[in-house]
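Comments concern the structure below.
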Protein chains: 2
Amino acid sequence: MDEKAEFPKSRAEVVSLLKEYDITPTHQRIKIGHVIFSQPQHMSAEQVLAAVNQSDEVSKATVYNTLGLFAKQGLVREVIVDPSKVFYDSNLSKHHHLYYSDTGELEDIASEHVKISKLPELPSDIQIEDVDVIIRVHRN
Amino acid sequence: MDEKAEFPKSRAEVVSLLKEYDITPTHQRIKIGHVIFSQPQHMSAEQVLAAVNQSDEVSKATVYNTLGLFAKQGLVREVIVDPSKVFYDSNLSKHHHLYYSDTGELEDIASEHVKISKLPELPSDIQIEDVDVIIRVHRN
DNA sequence: CTATTAATTAGACGAAGTCTATTTACGTAT
DNA sequence: ATACGTAAATAGACTTCGTCTAATTAATAG
(Lines give C-alpha, C1' and ligand atoms only; values in the text may rest on other atoms or scores of the structure.)
Protein backbone atom coordinates (compact mmCIF):
# COMPACT_ATOMS: atom_id res chain seq x y z
CA MET A 1 0.00 0.00 0.00
CA ASP A 2 2.90 2.32 0.68
CA GLU A 3 4.83 0.91 -2.22
CA LYS A 4 5.65 3.41 -4.93
CA ALA A 5 4.74 1.61 -8.08
CA GLU A 6 6.06 2.66 -11.43
CA PHE A 7 3.66 3.50 -14.19
CA PRO A 8 4.30 0.71 -16.61
CA LYS A 9 4.30 1.39 -20.31
CA SER A 10 5.16 -2.03 -21.64
CA ARG A 11 3.04 -5.15 -21.66
CA ALA A 12 5.68 -7.02 -19.68
CA GLU A 13 5.60 -4.43 -16.93
CA VAL A 14 1.85 -4.70 -16.64
CA VAL A 15 2.11 -8.47 -16.49
CA SER A 16 4.56 -8.40 -13.62
CA LEU A 17 2.50 -5.81 -11.77
CA LEU A 18 -0.53 -8.10 -11.98
CA LYS A 19 1.48 -11.07 -10.79
CA GLU A 20 2.80 -9.06 -7.87
CA TYR A 21 -0.79 -8.59 -6.76
CA ASP A 22 -1.75 -12.24 -7.34
CA ILE A 23 -3.80 -11.60 -10.40
CA THR A 24 -3.59 -14.10 -13.24
CA PRO A 25 -2.58 -12.01 -16.22
CA THR A 26 -5.08 -12.72 -18.95
CA HIS A 27 -5.24 -10.90 -22.23
CA GLN A 28 -8.18 -8.74 -21.09
CA ARG A 29 -6.71 -7.88 -17.71
CA ILE A 30 -3.43 -6.84 -19.27
CA LYS A 31 -5.28 -4.64 -21.69
CA ILE A 32 -7.29 -2.97 -18.95
CA GLY A 33 -4.20 -2.64 -16.79
CA HIS A 34 -2.34 -1.04 -19.63
CA VAL A 35 -5.05 1.59 -20.02
CA ILE A 36 -5.38 2.56 -16.39
CA PHE A 37 -1.71 2.33 -15.46
CA SER A 38 -0.43 4.33 -18.39
CA GLN A 39 -0.51 7.27 -15.98
CA PRO A 40 -1.92 8.12 -12.56
CA GLN A 41 -5.54 8.91 -13.24
CA HIS A 42 -9.17 8.50 -12.29
CA MET A 43 -11.43 6.63 -14.66
CA SER A 44 -14.95 5.32 -14.42
CA ALA A 45 -15.70 1.79 -15.53
CA GLU A 46 -17.50 3.16 -18.56
CA GLN A 47 -14.47 5.20 -19.53
CA VAL A 48 -12.24 2.17 -19.20
CA LEU A 49 -14.65 0.17 -21.34
CA ALA A 50 -14.64 2.84 -24.03
CA ALA A 51 -10.85 3.21 -23.97
CA VAL A 52 -10.20 -0.51 -24.15
CA ASN A 53 -12.66 -1.06 -26.94
CA GLN A 54 -11.07 1.41 -29.30
CA SER A 55 -8.91 -1.43 -30.58
CA ASP A 56 -10.39 -4.90 -29.92
CA GLU A 57 -13.28 -5.90 -27.74
CA VAL A 58 -13.55 -6.62 -24.06
CA SER A 59 -17.01 -7.20 -22.66
CA LYS A 60 -18.73 -4.94 -20.20
CA ALA A 61 -18.95 -7.70 -17.60
CA THR A 62 -15.22 -8.32 -17.84
CA VAL A 63 -14.38 -4.66 -17.38
CA TYR A 64 -16.53 -4.47 -14.27
CA ASN A 65 -15.22 -7.79 -12.94
CA THR A 66 -11.63 -6.81 -13.60
CA LEU A 67 -11.83 -3.39 -11.99
CA GLY A 68 -13.55 -4.95 -9.00
CA LEU A 69 -10.79 -7.54 -8.76
CA PHE A 70 -8.05 -4.94 -9.09
CA ALA A 71 -9.64 -2.98 -6.27
CA LYS A 72 -10.01 -6.06 -4.10
CA GLN A 73 -6.34 -6.88 -4.60
CA GLY A 74 -5.28 -3.34 -3.79
CA LEU A 75 -4.03 -2.53 -7.24
CA VAL A 76 -6.44 0.35 -7.74
CA ARG A 77 -8.54 2.34 -5.35
CA GLU A 78 -12.25 2.89 -5.65
CA VAL A 79 -13.13 6.52 -5.17
CA ILE A 80 -16.73 7.20 -4.28
CA VAL A 81 -17.41 10.90 -4.66
CA ASP A 82 -19.83 11.18 -7.51
CA PRO A 83 -23.25 9.73 -6.78
CA SER A 84 -23.58 8.49 -10.33
CA LYS A 85 -20.41 6.50 -10.82
CA VAL A 86 -17.37 4.96 -9.18
CA PHE A 87 -13.90 6.15 -10.11
CA TYR A 88 -10.90 3.85 -10.18
CA ASP A 89 -7.74 5.54 -9.12
CA SER A 90 -4.48 4.16 -10.45
CA ASN A 91 -2.39 6.30 -8.14
CA LEU A 92 -1.13 3.76 -5.64
CA SER A 93 0.42 6.17 -3.21
CA LYS A 94 -1.47 7.35 -0.16
CA HIS A 95 -3.38 10.51 -0.92
CA HIS A 96 -6.69 12.30 -0.64
CA HIS A 97 -9.08 13.90 -3.07
CA LEU A 98 -10.36 17.24 -4.19
CA TYR A 99 -13.69 17.05 -5.92
CA TYR A 100 -15.19 19.84 -7.99
CA SER A 101 -18.88 19.31 -7.52
CA ASP A 102 -19.79 21.69 -10.32
CA THR A 103 -17.75 19.99 -13.02
CA GLY A 104 -17.21 16.49 -11.66
CA GLU A 105 -13.42 16.85 -11.85
CA LEU A 106 -11.39 14.86 -9.38
CA GLU A 107 -7.86 15.76 -8.30
CA ASP A 108 -5.37 14.15 -6.01
CA ILE A 109 -4.11 15.85 -2.90
CA ALA A 110 -0.77 14.53 -1.75
CA SER A 111 -1.10 13.07 1.73
CA GLU A 112 1.43 15.48 3.19
CA HIS A 113 -1.03 18.32 2.59
CA VAL A 114 -3.65 16.84 4.88
CA LYS A 115 -2.98 15.83 8.40
CA ILE A 116 -5.46 13.94 10.51
CA SER A 117 -4.21 14.17 14.02
CA LYS A 118 -7.00 12.41 15.79
CA LEU A 119 -9.23 9.48 14.98
CA PRO A 120 -11.90 7.86 17.12
CA GLU A 121 -11.16 4.70 19.03
CA LEU A 122 -12.93 1.75 17.53
CA PRO A 123 -13.90 -1.62 18.99
CA SER A 124 -11.19 -4.20 18.52
CA ASP A 125 -13.27 -6.38 16.22
CA ILE A 126 -13.41 -3.59 13.67
CA GLN A 127 -10.80 -3.21 10.97
CA ILE A 128 -10.14 0.09 9.28
CA GLU A 129 -9.94 -0.33 5.53
CA ASP A 130 -9.41 3.25 4.59
CA VAL A 131 -9.76 6.80 5.77
CA ASP A 132 -11.02 8.90 2.91
CA VAL A 133 -10.79 12.64 3.01
CA ILE A 134 -12.74 14.38 0.29
CA ILE A 135 -12.65 18.12 -0.02
CA ARG A 136 -15.69 19.17 -1.98
CA VAL A 137 -15.24 22.48 -3.71
CA HIS A 138 -16.64 24.60 -6.47
CA ARG A 139 -15.42 27.58 -8.41
CA ASN A 140 -17.00 30.99 -7.89
CA MET B 1 -24.51 25.30 9.17
CA ASP B 2 -23.29 25.41 12.75
CA GLU B 3 -26.76 25.94 14.08
CA LYS B 4 -27.95 23.24 16.43
CA ALA B 5 -31.43 22.46 15.20
CA GLU B 6 -33.99 20.67 17.29
CA PHE B 7 -35.58 17.52 16.00
CA PRO B 8 -39.12 18.63 15.44
CA LYS B 9 -41.97 16.31 16.21
CA SER B 10 -44.91 18.53 15.37
CA ARG B 11 -46.08 19.70 12.00
CA ALA B 12 -45.71 23.32 13.07
CA GLU B 13 -42.09 22.78 14.01
CA VAL B 14 -41.34 21.26 10.62
CA VAL B 15 -43.07 24.18 8.92
CA SER B 16 -40.96 26.74 10.71
CA LEU B 17 -37.79 24.79 10.04
CA LEU B 18 -38.58 24.83 6.31
CA LYS B 19 -39.31 28.54 6.38
CA GLU B 20 -36.05 29.19 8.18
CA TYR B 21 -34.27 27.64 5.23
CA ASP B 22 -36.36 29.49 2.63
CA ILE B 23 -38.35 26.51 1.56
CA THR B 24 -42.03 26.99 0.82
CA PRO B 25 -43.76 24.52 3.09
CA THR B 26 -46.03 22.46 0.90
CA HIS B 27 -47.97 19.46 2.07
CA GLN B 28 -45.48 17.02 0.54
CA ARG B 29 -42.39 18.80 1.82
CA ILE B 30 -43.77 18.89 5.32
CA LYS B 31 -44.49 15.21 5.15
CA ILE B 32 -40.99 14.38 3.95
CA GLY B 33 -39.49 16.73 6.51
CA HIS B 34 -41.48 15.10 9.24
CA VAL B 35 -40.10 11.69 8.30
CA ILE B 36 -36.45 12.62 8.07
CA PHE B 37 -36.37 15.06 10.99
CA SER B 38 -38.16 12.81 13.44
CA GLN B 39 -34.66 11.84 14.58
CA PRO B 40 -31.07 12.24 13.40
CA GLN B 41 -30.68 9.55 10.78
CA HIS B 42 -29.45 8.52 7.36
CA MET B 43 -32.01 7.59 4.76
CA SER B 44 -31.85 6.91 1.06
CA ALA B 45 -34.38 8.53 -1.24
CA GLU B 46 -36.04 5.16 -1.72
CA GLN B 47 -36.39 4.71 2.02
CA VAL B 48 -37.94 8.15 2.35
CA LEU B 49 -40.33 7.33 -0.46
CA ALA B 50 -41.37 4.11 1.22
CA ALA B 51 -41.77 5.72 4.63
CA VAL B 52 -43.80 8.62 3.32
CA ASN B 53 -46.07 6.41 1.29
CA GLN B 54 -47.20 4.28 4.20
CA SER B 55 -50.01 6.74 4.74
CA ASP B 56 -50.86 8.80 1.64
CA GLU B 57 -48.99 9.16 -1.59
CA VAL B 58 -46.10 11.35 -2.62
CA SER B 59 -44.59 10.75 -6.04
CA LYS B 60 -41.08 9.52 -6.63
CA ALA B 61 -40.17 12.67 -8.55
CA THR B 62 -41.29 14.84 -5.66
CA VAL B 63 -39.29 12.88 -3.13
CA TYR B 64 -36.16 13.23 -5.25
CA ASN B 65 -36.82 16.90 -5.96
CA THR B 66 -37.51 17.64 -2.33
CA LEU B 67 -34.46 15.89 -0.96
CA GLY B 68 -32.35 17.65 -3.57
CA LEU B 69 -33.84 20.97 -2.56
CA PHE B 70 -33.33 20.29 1.14
CA ALA B 71 -29.70 19.48 0.44
CA LYS B 72 -29.24 22.60 -1.67
CA GLN B 73 -30.68 24.74 1.11
CA GLY B 74 -28.44 23.12 3.70
CA LEU B 75 -31.23 21.45 5.59
CA VAL B 76 -29.88 17.95 5.05
CA ARG B 77 -26.52 16.69 3.98
CA GLU B 78 -25.91 14.30 1.13
CA VAL B 79 -23.61 11.50 2.15
CA ILE B 80 -21.91 9.69 -0.70
CA VAL B 81 -20.34 6.53 0.63
CA ASP B 82 -22.24 3.73 -0.99
CA PRO B 83 -21.76 3.49 -4.73
CA SER B 84 -25.36 2.43 -5.21
CA LYS B 85 -27.26 5.16 -3.43
CA VAL B 86 -27.09 8.57 -1.81
CA PHE B 87 -27.91 8.96 1.86
CA TYR B 88 -29.57 12.04 3.28
CA ASP B 89 -28.37 12.90 6.72
CA SER B 90 -30.71 14.84 8.96
CA ASN B 91 -28.05 15.46 11.57
CA LEU B 92 -27.32 19.14 11.07
CA SER B 93 -24.33 19.36 13.34
CA LYS B 94 -20.81 19.06 11.99
CA HIS B 95 -19.64 15.48 12.03
CA HIS B 96 -18.00 12.72 10.07
CA HIS B 97 -18.94 9.19 9.09
CA LEU B 98 -18.10 5.61 9.80
CA TYR B 99 -19.13 3.27 7.03
CA TYR B 100 -19.34 -0.49 7.38
CA SER B 101 -18.56 -1.65 3.88
CA ASP B 102 -19.70 -5.20 4.59
CA THR B 103 -23.18 -4.31 5.82
CA GLY B 104 -23.77 -0.86 4.38
CA GLU B 105 -24.38 0.64 7.83
CA LEU B 106 -23.54 4.27 8.30
CA GLU B 107 -22.77 5.86 11.66
CA ASP B 108 -21.98 9.37 12.73
CA ILE B 109 -18.70 10.29 14.31
CA ALA B 110 -18.89 13.43 16.40
CA SER B 111 -16.52 16.03 14.99
CA GLU B 112 -14.53 16.23 18.23
CA HIS B 113 -13.29 12.69 17.59
CA VAL B 114 -11.57 13.60 14.35
CA LYS B 115 -9.11 16.38 14.05
CA ILE B 116 -7.81 17.61 10.74
CA SER B 117 -4.87 19.78 11.56
CA LYS B 118 -3.75 20.61 8.08
CA LEU B 119 -5.51 21.28 4.81
CA PRO B 120 -4.00 22.24 1.47
CA GLU B 121 -4.02 25.83 0.33
CA LEU B 122 -6.44 26.36 -2.48
CA PRO B 123 -6.65 29.03 -5.14
CA SER B 124 -8.74 31.99 -4.02
CA ASP B 125 -11.43 31.41 -6.64
CA ILE B 126 -12.25 28.07 -5.10
CA GLN B 127 -14.83 27.69 -2.37
CA ILE B 128 -14.80 24.76 0.01
CA GLU B 129 -18.27 23.29 0.38
CA ASP B 130 -17.43 20.48 2.71
CA VAL B 131 -14.63 18.37 4.04
CA ASP B 132 -15.86 14.81 4.29
CA VAL B 133 -14.01 12.28 6.34
CA ILE B 134 -15.19 8.74 5.83
CA ILE B 135 -13.70 5.92 7.82
CA ARG B 136 -14.39 2.72 5.95
CA VAL B 137 -14.38 -0.30 8.17
CA HIS B 138 -15.51 -3.88 8.33
CA ARG B 139 -15.97 -6.41 11.09
CA ASN B 140 -13.66 -9.38 11.37
C1' DC C 1 -5.09 -35.65 -24.33
C1' DT C 2 -8.52 -35.15 -20.89
C1' DA C 3 -10.62 -33.35 -16.95
C1' DT C 4 -11.33 -29.54 -13.99
C1' DT C 5 -11.51 -25.02 -12.94
C1' DA C 6 -11.07 -20.11 -14.06
C1' DA C 7 -12.22 -16.42 -17.07
C1' DT C 8 -14.91 -14.27 -20.65
C1' DT C 9 -19.00 -13.29 -23.09
C1' DA C 10 -23.75 -11.48 -24.78
C1' DG C 11 -27.45 -9.85 -23.47
C1' DA C 12 -31.24 -9.79 -20.16
C1' DC C 13 -32.15 -7.71 -16.03
C1' DG C 14 -32.32 -4.49 -11.90
C1' DA C 15 -31.97 -0.35 -9.15
C1' DA C 16 -31.44 4.46 -8.65
C1' DG C 17 -32.37 8.48 -10.41
C1' DT C 18 -33.93 11.90 -14.27
C1' DC C 19 -36.98 13.94 -17.63
C1' DT C 20 -41.20 15.38 -19.94
C1' DA C 21 -45.62 16.80 -20.47
C1' DT C 22 -49.63 17.57 -17.90
C1' DT C 23 -52.23 18.73 -13.87
C1' DT C 24 -52.85 20.81 -9.48
C1' DA C 25 -52.03 24.11 -5.90
C1' DC C 26 -50.79 28.67 -4.43
C1' DG C 27 -50.22 33.73 -4.14
C1' DT C 28 -51.49 38.09 -5.65
C1' DA C 29 -54.17 41.61 -7.67
C1' DT C 30 -58.49 42.85 -9.04
C1' DA D 1 -64.50 35.55 -4.23
C1' DT D 2 -62.34 35.23 -9.15
C1' DA D 3 -58.93 35.15 -12.42
C1' DC D 4 -54.27 34.92 -13.64
C1' DG D 5 -49.50 33.66 -13.43
C1' DT D 6 -46.05 30.99 -11.27
C1' DA D 7 -44.46 27.17 -8.46
C1' DA D 8 -44.99 22.49 -7.26
C1' DA D 9 -46.51 17.81 -7.91
C1' DT D 10 -47.56 13.93 -10.72
C1' DA D 11 -47.37 9.49 -13.69
C1' DG D 12 -44.79 7.05 -16.08
C1' DA D 13 -41.37 6.63 -19.72
C1' DC D 14 -36.64 6.72 -20.00
C1' DT D 15 -31.44 6.65 -18.97
C1' DT D 16 -27.42 5.13 -16.82
C1' DC D 17 -24.61 2.35 -14.20
C1' DG D 18 -23.99 -1.86 -12.75
C1' DT D 19 -25.21 -7.03 -11.88
C1' DC D 20 -26.63 -11.60 -13.10
C1' DT D 21 -27.23 -15.82 -15.79
C1' DA D 22 -26.27 -19.33 -18.68
C1' DA D 23 -23.31 -20.67 -22.14
C1' DT D 24 -18.67 -20.65 -24.26
C1' DT D 25 -13.74 -20.39 -24.26
C1' DA D 26 -9.22 -20.48 -22.19
C1' DA D 27 -5.91 -22.09 -18.94
C1' DT D 28 -3.86 -25.60 -16.00
C1' DA D 29 -2.85 -30.03 -13.85
C1' DG D 30 -2.48 -34.71 -14.14
Side-chain angles (χ1 to χ4, degrees), chain A residues 11 14-15 18-19 21-36 42-53 55-73 75-76 78-89 101-102 104 106, chain B residues 11 14-15 18-19 21-36 42-53 55-73 75-76 78-89 101-102 104 106:
Chain A
R11 183 186 161 94
V14 175
V15 169
L18 295 183
K19 284 180 178 163
Y21 283 81
D22 292 308
I23 295 166
T24 309
T26 65
H27 175 66
Q28 291 86 342
R29 288 169 180 174
I30 294 163
K31 187 125 204 262
I32 292 167
H34 196 262
V35 165
I36 65 180
H42 309 105
M43 294 180 86
S44 68
E46 293 296 319
Q47 285 177 310
V48 172
L49 182 63
V52 154
N53 284 350
S55 35
D56 56 320
E57 292 289 306
V58 177
S59 75
K60 191 182 176 184
T62 297
V63 170
Y64 278 90
N65 289 342
T66 299
L67 292 171
L69 176 66
F70 283 10
K72 199 187 110 209
Q73 299 297 98
L75 190 51
V76 297
E78 283 183 336
V79 184
I80 299 163
V81 280
D82 181 324
S84 75
K85 57 180 111 27
V86 173
F87 287 106
Y88 291 88
D89 188 343
S101 59
D102 48 355
L106 186 60
Chain B
R11 183 185 162 95
V14 175
V15 169
L18 295 184
K19 283 180 178 163
Y21 283 81
D22 290 309
I23 295 166
T24 309
T26 65
H27 174 67
Q28 291 87 342
R29 288 169 180 174
I30 294 163
K31 187 124 204 260
I32 292 167
H34 196 261
V35 165
I36 64 180
H42 309 105
M43 294 181 87
S44 68
E46 293 296 321
Q47 286 177 310
V48 172
L49 182 62
V52 154
N53 285 351
S55 34
D56 57 319
E57 292 289 305
V58 177
S59 75
K60 191 181 176 184
T62 297
V63 170
Y64 278 89
N65 288 342
T66 299
L67 292 171
L69 176 66
F70 284 9
K72 198 187 112 208
Q73 299 297 97
L75 190 51
V76 296
E78 284 183 335
V79 184
I80 299 161
V81 281
D82 182 323
S84 75
K85 57 178 114 22
V86 173
F87 288 107
Y88 291 88
D89 188 343
S101 59
D102 48 354
L106 185 60

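Throughout, protein chains are lettered first and strands after them, A, B, ... in sequence-line order, and every chain is numbered starting at 1. Source: prediction; values computed, not measured.
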Next item on the list: Please lay out, stage by stage, how B:Ile80 and A:Val81 fare under the test side chain to side chain contact (heavy atoms under 4.5 Å, CB included).
Entry: CA-CA 6 Å; B:Ile80 299 161; A:Val81 280; 5.7 Å; no
Notebook entry, point to check: Does the pair A:Met43 and A:Phe87 meet the rule for a side chain to side chain contact (heavy atoms under 4.5 Å, CB included), with working shown?
Noted result: CA-CA 5 Å; A:Met43 294 180 86; A:Phe87 287 106; 5.8 Å; no
Next item on the list: Identify the residue among A:Leu75, A:Ile30, A:Thr66 that makes a side-chain contact (heavy atoms from CB on, under 4.5 Å) with A:Ile23.
Entry: A:Leu75
Check: Do B:Leu67 and B:Ile36 pass the side chain to side chain contact (heavy atoms under 4.5 Å, CB included) test, and can you show the C-alpha distance, the side-chain angles, and the key distance before you say yes or no?
Finding: CA-CA 10 Å; B:Leu67 292 171; B:Ile36 64 180; 4.2 Å; yes
Next item on the list: Summarise how protein sits on nucleotides 7-16 of chain C as a single string, 5' to 3': B when a protein heavy atom is under 4.0 Å from the base, S for sugar-phosphate-only contact, - for no contact.
Entry: SSBB-----S
Notebook entry, point to check: Could you give the distance from NZ (B:Lys60) to CG (B:Asn53), rounded to the nearest 0.5 Å?
Noted result: 12.0 Å
Next item on the list: Identify the 5'-most and 3'-most nucleotides of DNA chain D with at least one atom closer than 4.0 Å to a non-hydrogen atom of chain A.
Entry: D:dC17 to D:dC20
Notebook entry, point to check: Atom CG in B:Asn65, atom NZ in B:Lys72: separation rounded to 0.5 Å?
Noted result: 11.0 Å
Next item on the list: Measure across B:Leu106 and B:His42 and return the closest heavy-atom pair with its distance rounded to 0.1 Å.
Entry: O-ND1, 3.4 Å
